[in-house]
2 protein chains.
Amino acid sequence: MSTTGTERAATLHDVAAVVGVSPRTVSRVVNDEGGFSDATRRRVLDAVEALSYRPNIMARGLITRRTSTIALVAPVISDPFFTEVADSVQRAAREVGLNMFFASTDDDFDRQVAVLDSLDQHAVDGVIVFPLGEISEPLLPHAERGLQMVVVDTPTEHRNLRTVSSDLAGGARMAVEHLLATGRRKLGMIAHVNSPPERRWRETGFCNALPDDIEPLVVRESADIDGGRRGIDRLLELRPDLDGVFAYNDLMALGATRELKARGVDVPREIAVVGCDDIQISALVSPSLTTIQIDRERLGIEAVRALLALRDGEPEDSAGSVIPVTLICRESA
Amino acid sequence: MSTTGTERAATLHDVAAVVGVSPRTVSRVVNDEGGFSDATRRRVLDAVEALSYRPNIMARGLITRRTSTIALVAPVISDPFFTEVADSVQRAAREVGLNMFFASTDDDFDRQVAVLDSLDQHAVDGVIVFPLGEISEPLLPHAERGLQMVVVDTPTEHRNLRTVSSDLAGGARMAVEHLLATGRRKLGMIAHVNSPPERRWRETGFCNALPDDIEPLVVRESADIDGGRRGIDRLLELRPDLDGVFAYNDLMALGATRELKARGVDVPREIAVVGCDDIQISALVSPSLTTIQIDRERLGIEAVRALLALRDGEPEDSAGSVIPVTLICRESA
DNA sequence: TTGTACGCGTTATCAT
DNA sequence: ATGATAACGCGTACAA
């Protein structure tokens with residue numbers, strides 16, 4: 001028997017045949033179920049090594065309905081914020097023996113449905129999702145089908161859904177207070193055009209933090225650099241004497257800053273800019289970005305924890321569910 | 001029969017029962033194999049819709065040995081270059097009905113082995129990998145086991161391996177020529193500490209492009225911002241009159257630039273810096289980064305194409321395998 | 001401590 | 001055009 005070709009991978013059966021026991025015994029050893037002698041154990045493990053046997057996850061999953069795989073679904077893969085979350089989720093998953101899928105929906109509603117469908121078929125053990133649009137539409141049907149999901153920054157009320165949130169409203173408040181504290185009064189916000197009412201924490205935080213004599217001014221754009229550029233354009237059109245801006249995320253804040261620079265407006269002297277996320281770039285650009293830092297590390301850990309709790313049927317611990325944020329003061333405000 | 005609970009997902013059997021045909025017929029319709037009447041087709045598809053039946057990929061994969069899933073394995077998820085490649089791979093994969101796994105190895109050799117093992121078990125149809133260390137060690141055993149892989153920027157000679165490369169040596173040459181053309185003569189390179197001889201395209205390109213009267217000066221550091229900082233430190237120690245630097249990637253170039261800024265050295269007047277990759281940030285920082293642009297879009301497309309060719313047993317097309325790179329001139333050099 | 005029989009949901013083979 | 005039966009590789013229930 002040659003061992004060099006593209007032969008079929010060894011199965012439980014092959015190992016059993018080599019050792020001279022039943023497949024069931026090999027299965028017991030491999031899964032460490034107990035109920036076998038030490039001698040058998042040794043011989044089986046040796047054979048496993050020799051044949052480089054690996055359990056077939058699909059065959060196993062067909063029975064156990066577990067795949068040891070979770071997925072992270074984010075709107076865009078090109079926003080560093082989401083990849084940094086992915087990094088954290090992956091580490092947290094790895095520590096408990098879970099693999100992580102990373103899928104992006106391209107900020108496209110239909111794509112989100114397709115992605116969730118696909119994950120459903122692949123029988124992932126659970127999904128962590130930064131949802132698009134209203135939660136009810138795409139997520140609930142899948143939850144109803146039995147797909148367990150942790151939804152970020154969005155309240156949920158379903159036995160197959162859990163929530164993990166950052167204190168975005170608090171963050172927005174901190175941003176406004178910082179702007180006010182530095183003497184800014186003509187404030188505007190560049191918000192995300194696609195976020196539904198139920199997830200407008202930043203907007204409500206922003207508006208609520210304004211003193212009574214300041215009118216809320218909010219424009220909505222796509223959540224990327226170009227959106228930031230267009231956002232500042234529109235704000236300046238609406239209020240030419242603008243002196244402070246809060247952006248939905250750092251990418252938009254970066255876009256706004258660059259547009260201001262291009263117009264010859266000095267940041268922060270003439271207009272101060274505060275972002276949200278604290279992605280890695282934000283410390284590197286010039287002027288470096290003042291921003292609300294979201295704790296991606298903890299977000300990933302909490303999300304995986306919540307997913308495991310959901311899987312194992314543990315009750316929701318209403319405690320540590322809202323992750324605090326931090327104002328990072330740099331040059332832009 | 002209630003449709004609200006956490007019932008088992010509908011199976012081929014359930015659909016067959018509703019329609020009143022055999023499971024095999026339903027399978028035929030679902031997979032569009034032909035061999036059924038139009039009337040049957042209609043009725044089956046209606047039932048599929050009604051029961052929201054989705055094929056179980058694991059059961060299917062158990063027999064077809066296909067999962068319609070590929071994986072991308074990169075050293076780090078936090079380097080925008082790799083996520084931008086991932087974005088491209090995902091789009092290319094999606095167009096041919098493939099799902100994409102994204103896994104990172106944390107620049108850790110053992111992790112790479114573990115990740116490949118895991119992907120192997122999950123029976124992915126193929127893997128695109130930015131390898132760590134020598135190709136022989138971790139990759140060949142898996143290739144030998146039957147895992148088909150496309151390896152980036154690394155020559156391969158195995159029936160289960162293919163290569164997709166960018167013209168990195170050419171890029172390095174362009175970088176050097178640009179530095180020379182702007183009057184720089186005291187050149188140094190900050191290389192990647194972990195890249196094995198077989199993958200040092202940038203280094204050889206750099207050294208070969210130097211005129212005879214310029215001694216190659218190369219230091220090796222980790223491929224991140226801090227590595228860039230340390231790299232420029234060491235270069236300046238070795239050659240205090242340094243006036244031009246080529247970095248392994250943009251992250252390192254960014255780190256070097258920041259360190260120079262911190263030391264009060266003017267970039268590019270005193271020292272010019274050229275990076276490699278052209279990640280999104282590079283256009284945003286100040287001074288913006290002159291760099292060798294790698295075509296991530298095409299890299300992803302070619303990699304997926306190569307993987308499909310490998311899967312389908314098509315011969316290697318030696319043609320379009322090396323992807324050209326472009327010098328992007330900005331402020332830093 | 002170990003083995004046997006069955007089933008997971010699908011596709012392949014062969015028959016009708 | 002359609003169906004019956006086996007097979008993929010594993011875990012579960014139960015028997016020995």
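Protein chains get the first letters and strands the later ones, always in sequence-line order, with residue 1 at the start of each.
For D:dG11, the OP1/OP2 oxygens have no side-chain nitrogen or oxygen of A:T64 closer than 4.0 Å. Phosphate proximity of D:dG11 to A:N31: present, with a side-chain N or O under 4.0 Å from OP1 or OP2. For the OP1/OP2 pair of D:dG11 and a distance below 4.0 Å, the side-chain nitrogens and oxygens of A:S27 include at least one atom meeting the criterion. Contact check, B:T11 against C:dG9: no side-chain N or O comes under 4.0 Å of OP1 or OP2.
Rounded to whole angstrom, the span from the OH atom of A:Y53 across to the C1' atom of D:dC10 amounts to 7 Å. Atom CZ of A:R66 is separated from atom C1' of C:dC8 by 16 Å (rounded to the nearest Å). The separation between A:L62 atom CG and D:dC10 atom P is 12 Å, rounded to whole Å. The CG atom of B:L12 sits 16 Å away from the C1' atom of D:dA6 (whole-angstrom rounding). Atom CZ of B:R60 is separated from atom C1' of C:dG9 by 11 Å (rounded to the nearest Å). Rounded to whole Å, the distance from CD on A:Q121 to C1' on C:dT11 is 16 Å. Rounded to an integer number of Å, the gap from A:I63 CD1 to D:dC10 P is 10 Å. For the pair A:H13 NE2 and C:dC6 P, the interatomic distance rounds to 15 Å; values are reported in whole Å.
Residue B:E157 qualifies as open at atom CD: its count of foreign heavy atoms under 6.0 Å is 12 or below.
Remark: A:D117 engages B:R54 in a salt bridge, criterion side-chain N to carboxylate O under 4.0 Å. A salt bridge is defined here as a Lys NZ or Arg NE, NH1 or NH2 lying under 4.0 Å from an Asp or Glu carboxylate O, and A:E33 with A:R28 fails to meet this definition. The pair A:R42-A:D38 fails the salt-bridge criterion, with no side-chain N (NZ, NE, NH1 or NH2) lying under 4.0 Å from an Asp/Glu carboxylate O. Look at B:R94 and A:D106 and you find a salt bridge, because one of the NZ, NE, NH1 or NH2 atoms lies within 4.0 Å of a carboxylate O, short of that distance.
Test A:H158, A:Q112, A:E144 against A:L139 for side chain to side chain contact (heavy atoms under 4.5 Å, CB included) and you get one pass: A:Q112.
Using a 4.0 Å heavy-atom cutoff across all strands shown, A:P55 reaches sugar-phosphate atoms only and no base atom.
Taking the side chain as every heavy atom from C-beta outward, A:L98 and A:R311 approach each other to under 4.5 Å. Residues B:V152 and B:S165 are not in side-chain contact: their nearest non-hydrogen atoms beyond the backbone lie 4.5 Å or more apart.
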Any protein N or O atoms within reach of nucleotides 13-16 of chain D? Criterion: under 3.5 Å, listing atom names and distances.
residue	atom	partner	partner atom	Å
D:dA13	N6	A:R24	NE	3.4

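Out of C:dG3, D:dC8, D:dG3, the shortest distance to the side chain of B:R65 is found at D:dC8. The nucleotide whose nearest atom lies closest to any side-chain atom of B:S22 is, among D:dG11, D:dG9, D:dG3, D:dG3.
Taking the six-membered ring for Trp, B:F130 and B:F82 have ring centres closer than 6.0 Å.
B:N99 contributes atom CG, which lies 5.0 Å from atom OG1 of B:T69 (distance to the nearest 0.5 angstrom).
Within a heavy-atom distance below 4.0 Å of DNA chain D, the residues of residues 32-45 of chain B found are B:G35, B:F36, B:S37, B:T40.
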